[in-house]
Amino acid sequence: MDKPTHLIEFETMLLGRHLQPGAPRSRRGGGCLDRSAYTLLSRIRMEGPMSIGQLSEAFGLDASTLNRQTAAMLRAGLVERIPDPAGGIARKFRITEQGEGSLDAERAENISGLDQVMADWAPDEVAGFAAYLKRFNGDIEDLDGRPWPRPRS
């Protein structure tokens, strides 16, 4: 690990491992949404109803992958298909009340877990880490050409 980017690569690999289904938090009984549903629901919440084409463009995934993921979310009652509110031809996915509740519960559990992990951190350390993560993700999004909408601060 002779360069800082080598250490960053290693640490982000570990971070990804901790966020995978089956990680210790999930085995304790948490984690009702799988990672793809959590991410898709989060994006739809930020953007409003989205079609398969819009999701494909936003995530850089092929339509068949998104069809499988959205079909599972439809079966679980997390989303529903609606006509395009703008009058377009493509039907869109909208989060259901159940989907909103599941997303809120999952997010609350994730935040609670972060609070536990960072319990001994000073508030300025937590804020600094959040700022660096936002910058890191933003730079990746800029290179990829797929910015992620963010909540207003």
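What's counted below: heavy atoms across the whole structure, side chains too, no hydrogens, waters or symmetry copies. Computed from a predicted model, the values in this text were never measured in an experiment.
Under a 3.5 Å cut-off, the side chain of Ser56 and the backbone N or O of Ile52 do not form any donor-acceptor pair. In this structure, Ser102 contributes its side chain and Gln98 its backbone to a donor-acceptor pair below 3.5 Å. Using modelled atom types, one side-chain atom of Asn67 and one backbone atom of Ala63 make a donor-acceptor pair closer than 3.5 Å. The backbone N or O of Ile95 lies less than 3.5 Å from no partner atom in the side chain of Glu100, so there is not a single donor-acceptor pair.
For the pair Gln69 and Leu61, the minimum side-chain heavy-atom distance is below 4.5 Å. Counting heavy atoms from C-beta outward, Leu55 and Phe93 have side chains that approach closer than 4.5 Å. By the 4.5 Å heavy-atom criterion applied to side chains, Leu40 and Leu66 are counted as neighbours. Residues Ser36 and Met73 have side chains not in contact (no heavy-atom distance under 4.5 Å, counting atoms from C-beta outward). A heavy-atom distance below 4.5 Å is not found between the side chains of Arg91 and Ser51. At least one side-chain heavy atom of Asp139 sits less than 4.5 Å from a side-chain heavy atom of Asp142. Contact of the Thr39 side chain with the Trp148 side chain is registered, since non-hydrogen atoms from C-beta on lie closer than 4.5 Å. Contact annotation: the side chain of Gln54 approaches that of Lys92 to within less than 4.5 Å [non-hydrogen atoms, C-beta and beyond].
Here the CD1 atom belonging to Ile140 is positioned 8.0 Å from the CG atom belonging to Leu143, to the nearest 0.5 angstrom. Here the straight-line distance linking atom OH of Tyr38 with atom CG of Asn110 works out to 4.5 Å at 0.5 Å rounding. Between atom CZ of residue Phe129 and atom NZ of residue Lys134 there is a gap of 15.0 Å, rounded to the nearest 0.5 Å.
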- [ ] Begin from the C-alpha positions of Leu41 and Arg45 and carry the test side chain to side chain contact (heavy atoms under 4.5 Å, CB included) through to its verdict.
- [x] CA-CA 6 Å; Leu41 289 173; Arg45 176 183 272 172; over 6 Å; no
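Note on Val117 and Leu133: same hydrophobic cluster, where clusters join Ile, Leu, Val, Met, Phe, Trp and Tyr whose side-chain heavy atoms are under 4.5 Å apart, directly or indirectly. Residues Phe10 and Ile8 do not share a hydrophobic cluster, clusters being chains of Ile/Leu/Val/Met/Phe/Trp/Tyr side chains in contact below 4.5 Å.
Within a 6.0 Å sphere centred on CZ of Arg150, other residues, nucleotides and ligands contribute more than 12 heavy atoms. Enclosure of atom CD in Glu57 is not indicated, since only 12 or fewer non-hydrogen atoms of other residues, nucleotides or ligands lie within 6.0 angstrom. Surrounding CG of Leu14 are more than 12 heavy atoms belonging to other residues, nucleotides or ligands, all under 6.0 Å away. The 12-atom threshold is exceeded at CD of Glu11, counting heavy atoms of other residues, nucleotides or ligands nearer than 6.0 Å.
By the salt bridge (Lys or Arg N to Asp or Glu O under 4.0 Å) test, Glu47 is found to be paired with Arg43, residues two or more places apart in sequence or in another chain being considered.
Closest non-hydrogen pair, Glu106 versus Cys32, comes out as OE1-N, 3.0 Å.
Of the options Glu80, Arg94, Arg81, a side-chain contact (heavy atoms from CB on, under 4.5 Å) to Pro49 is made by Arg94 and by none of the others. Test Ile44, Val79, Thr70 against Met50 for side-chain contact (heavy atoms from CB on, under 4.5 Å) and you get one pass: Ile44.
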